[in-house]
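Here the structure comes first, spelled out in structure tokens, and everything after it is commentary.
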Amino acid sequence: MKIIMINVSGRMSSDGSRLIAALLKRAGHQISTVFLARREPLDYAEKEFMELDPLLREVQLVLVAVYTSYAVRAEQVSNYVHATCPGVPVIWGGPHCISVPELGLAHADGVCFSEGDVAILDFIDRLESGGDYQATPNMAFNVDGDHVVNEALGPFHDLDSLPFYDYDLDGQYLLDQHLLPMTRELLRSGLAGYPFDRPILYTVTSRGCPHKCSYCNNSRYIAMFKSNAIRTYSVPRIIGELKYILNTLDIFDLVAIGDDDFFVRPTAEIEEFAVRYKKEVGLPFGIAVSANTFRKNKMEPLLDAGLKLVQMGVQTGSQRVLDEVFNRKISVDSTRKAIADMGPYIEERGLLLLLDFIIDNPYETGDDIVQTFDFILRLPPDIRINVFFLTFFPGTPLFDRALADGIVDDMEKLSFRFYASSGLALRYQKNYETLLIMLLKRLRTRHKKRIGALIPAMRLLRSGPMRAAGSLLPTSLCSRLGKMLQ
Ligand code: B12
Ligand code: SF4
């Protein structure tokens, strides 16, 4: 079958859509992939979609890979396909469809609401053979306005059986004003990103997570299967894939392992990975870890193998918010301890430690926010911080809570804002304490060397009298200042 995969997320992702494309190729289908990979503006003009016409003319199936933040774009391109290619099914998949299948069904003929590895092949087999494709497990369909939601298959376990991500540039395109055949140069600049601004090869070597954070998409798997079973790729499979991609495309400067928590693996496996990675891959690499699973004996072999970046979620300095709002069973104290344990590696081994925080959370009090400020204030200057804005992703328990509390509207597209800073204003916490965090983040980023000298002034700013005075600032001014500080 001739298929087009349209990935609407603002980057040339290395996610499930490349895997689905690889699975389809292995099954003998012809698939081209178009990345709508510009970050902003979100909207695409009809003139731009018209560039897809030569590809669309040939295909029998259109797949759209959707993240919630880009759902508007998926809607636009799906409307265009429906209008120009009547009868060609448009099927959505990806995190947004796992979050809220019913939202996808308003614009697509069908959605894949769980893992797609088995479902997509099953669906196409049924479609080609004239079978009942609308009964495909893991998928839901729009049948004359009614939603047919089929059974969910259990978690997919045999990760090693999956093909490598599709990095064959032949048949891949970038759509940004014009349809451009993908080249090494386009991919290289598209994949150059934070924090090093160098091209990063993202990979994911596991699925599942032991936690149940209320703001995370993982909650959908928990709702379906009661837990989000951890499954890992074997070390030979990981190394095999990295070698394959890096040998095919020598454009990457760094490998980033996107697993929610690389340290869910046993120490022996991490040691095996470190030895083989150093010998057979050798590029500097990054991982994400959690304070709960952090162990020095897991770090050290990896540092020896070229580990240069560790990302860890702190989210808030308030234990109350972790417990009562985020349902995140990771204590502030254990997070502090893991950070302290990693401290020496920063100077001795050139490690960049990147900590994630979430601000603009309407469920935080001024005192909660100040606890986050204090947490950041105590961090050594060499630690980099990311300050994200809380996004209520539909399908998560926190979204449901915010909906019940009237904080978000059911379909409000702005609720799905980008959680990284992107010129968006503060929405919920237009107050002095939040401005303090934003100011501190800015000073740490721009005046790293002088941050030590600025700490007494920052302490003064967070003192009771200053907070009392700050509480008199009008929200409109806080909002404007917040924008300036981004
Ligand atoms: C690693 C990671 C990143 C990395 C790398 C992403 C990448 N791989 O390119 C970085 C840091 C760059 C990143 C960035 C972002 N991320 Co991120 N990321 C992840 C993480 C931890 C793993 C993603 C992954 O590769 N999973 C493994 C693959 C196999 O799973 P998958 O992509 O879901 O694919 C399966 C199914 O969805 C389905 N499928 C996927 N695509 C399609 C398409 C079709 C047509 C079909 C039928 C099926 C199908 O089949 C696949 C195989 O079973 C997830 C959390 C998670 N555990 O999934 C968050 C997650 C996906 N990220 C999220 C977000 C919000 C983002 C950002 C939008 C943040 C931002 N605002 O900037 C950006 C944008 C990403 C983008 N691609 O544009 C959210 C998405 C929530 C949502 N409802 O959309 C998640 C779920 C985390 C969360 N908060 O809950 N991310
Ligand atoms: S630890 Fe990360 S991936 Fe796991 S549930 Fe929490 S936010 Fe989601």
Side-chain angles (χ1 to χ4, degrees), residues 3 5-21 23-24 35-37 39 61-71 74 90-100 103-104 108 110-121 123-124 136 138-139 155-156 159 162 165 191 193-194 200-222 228 230 256-261 264 286 288 290-293 311-313 315 326-330 356 358 386 388-389 391 393-396 399 416-422:
I3 304 167
M5 167 77 80
I6 303 178
N7 186 321
V8 296
S9 74
R11 51 187 299 128
M12 296 173 201
S13 317
S14 195
D15 56 10
S17 70
R18 281 194 196 269
L19 176 58
I20 298 287
L23 275 160
L24 293 172
F35 292 93
L36 273 53
R39 201 168 148 81
L61 174 64
V62 174
L63 301 176
V64 187
V66 194
Y67 281 63
T68 299
S69 308
Y70 297 93
V90 176
I91 302 294
W92 286 18
H96 182 62
C97 306
I98 295 168
S99 304
V100 264
L103 283 186
V111 303
C112 174
F113 62 79
S114 190
E115 290 167 291
D117 320 78
V118 172
I120 194 66
L121 296 174
F123 167 75
I124 294 175
T136 311
N138 276 10
M139 293 188 69
F156 182 79
L159 297 186
L162 294 170
Y165 281 160
L191 292 174
Y194 186 77
I200 300 175
L201 171 58
Y202 273 97
T203 189
V204 174
T205 74
S206 67
R207 292 190 192 171
C209 174
H211 301 293
K212 296 182 176 177
C213 303
S214 63
Y215 52 84
C216 176
N217 224 32
N218 268 329
S219 49
R220 289 291 298 175
Y221 284 116
I222 293 161
N228 189 2
I230 294 172
I257 300 180
D259 302 25
D260 300 313
D261 182 358
V264 294
S290 135
N292 281 9
T293 49
Q311 187 162 7
M312 189 167 76
Q315 319 309 9
F326 289 160
N327 189 32
R328 199 173 149 85
K329 308 280 181 238
I330 302 176
D356 294 345
I358 300 174
N386 283 330
F388 297 117
F389 298 79
T391 305
F393 284 118
T396 61
F399 180 89
F416 316 148
R417 66 181 175 175
F418 299 98
Y419 56 56
S421 109
S422 60

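Whatever order the structure lists ligands and atoms in, that order sets their numbers, starting from 1. All values below were derived from every heavy atom in this structure, side-chain atoms included, with hydrogens, water molecules and symmetry-related copies excluded. Positions are given from 1 along the sequence.
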- Polar-atom distance check: Gly116 versus ligand 1, any N or O pair below 3.5 Å? yes

- Query: Within the structure, does Ser9 bring an N/O atom to less than 3.5 angstrom of an N/O atom in ligand 1?
  - Reply: yes

- For Cys112, the atoms of ligand 1 under 4.0 Å from one of its heavy atoms are 47 (C)

- Counting distance only, does the side-chain N/O of Asp259 pair as donor-acceptor with the main-chain N or O of Ser206 below 3.5 Å? yes

- Which residues pass the side-chain hydrogen bond (donor to acceptor under 3.5 Å, both in side chains) test with Asp260, sequence neighbours left out? none

- Query: Which ligand 1 atoms does Cys216 reach within 4.0 Å, using its non-hydrogen atoms?
  - Reply: 90 (O)

- Should you measure from each heavy atom of Arg11, which atoms of ligand 1 turn up under 4.0 Å away? 12 (C), 75 (C), 76 (C), 77 (N), 78 (O)

- Query: Which ligand 1 atoms does Glu115 reach within 4.0 Å, using its non-hydrogen atoms?
  - Reply: 53 (O)

- Can you list the atoms of ligand 1 that are under 4.0 Å from a heavy atom of Val64? 45 (C)

- Query: Which of the atoms of ligand 1 are close to Leu63, meaning less than 4.0 Å from one of its heavy atoms?
  - Reply: 45 (C)

- Message: Asn138: which residues meet the side-chain hydrogen bond (donor to acceptor under 3.5 Å, both in side chains) condition with it, sequence neighbours left out?
- Response: none

- Message: With 2.8 Å as the threshold, which protein atoms of type N, O or S lie near atom 8 (Fe) of ligand 2? Leave waters out.
- Response: Cys216 SG

- Item | atom 2 (Fe) of ligand 2 [closest protein heavy-atom partner, distance rounded to 0.1 Å] | Arg328 NH1, 4.3 Å

- Item | Leu23 and Leu162, any side-chain heavy atoms less than 4.5 Å apart | yes

- Message: Side chains of His211 and Cys216, heavy atoms from C-beta outward: is any pair under 4.5 Å?
- Response: no

- Message: Counting only heavy atoms closer than 4.0 Å, does ligand 1 sit against the backbone of Asn217, its side chain, both, or neither?
- Response: both

- Side-chain touch Thr396/Ser99, heavy atoms, less than 4.5 angstrom: no

- Query: Any N or O of Gly16 that comes nearer than 3.5 Å to an N or O of ligand 1?
  - Reply: yes

- ligand 1 atoms in contact with Ser99 (distance to a heavy atom under 4.0 Å): 83 (N)

- Query: Within less than 4.0 angstrom of ligand 1, does Arg207 place any heavy atom?
  - Reply: yes

- Message: I'd like to know if the side chain of Asn327 reaches the main chain of Lys212, judged simply by a donor and an acceptor atom lying under 3.5 Å from each other, with no hydrogens or angles considered.
- Response: yes

- Query: For atom 68 (C) of ligand 1, which candidate among Ala37, Gly258, Ser69 provides the closest heavy atom?
  - Reply: Ser69

- Message: In the structure I gave you, are the side-chain heavy atoms of Asn292 and Asp261 within less than 4.5 Å of one another anywhere?
- Response: no

- Task: Working to the nearest 0.5 Å, report the span between OG1 of Thr68 and CZ of Phe393.
- Result: 6.0 Å

- Query: Does Asn7 reach the side chain of Asp15, with side-chain heavy atoms less than 4.5 Å apart?
  - Reply: yes

- Is any N or O atom of Tyr70, backbone or side chain, closer than 3.5 Å to an N or O atom of ligand 1? no

- Task: Kindly give the heavy-atom pair with the smallest separation between Met312 and Ser290, and that separation in Å.
- Result: SD-C, 4.2 Å

- So, is Ser14 polar-close to ligand 1, with some N/O to N/O distance under 3.5 Å? yes

- State, yes or no, whether a side-chain contact exists between Arg328 and Tyr215 at a heavy-atom distance under 4.5 Å. yes

- Can you find an N or O of Thr68 that's nearer than 3.5 Å to an N or O of ligand 1? yes

- Against heavy atoms of Asp260, which atoms of ligand 1 measure under 4.0 Å? 21 (C), 55 (C), 57 (N)

- Message: According to side-chain hydrogen bond (donor to acceptor under 3.5 Å, both in side chains), who are the partners of Ser114, at least two apart in sequence or on a separate chain?
- Response: none

- Message: Between ligand 1 and Asp117, is the shortest N or O to N or O distance under 3.5 Å?
- Response: yes

- Side-chain heavy-atom pair Met139, Ile91 within 4.5 angstrom cut-off: yes

- Tell me, do Ile200 and Leu191 make a side-chain contact under 4.5 Å, heavy atoms counted? no

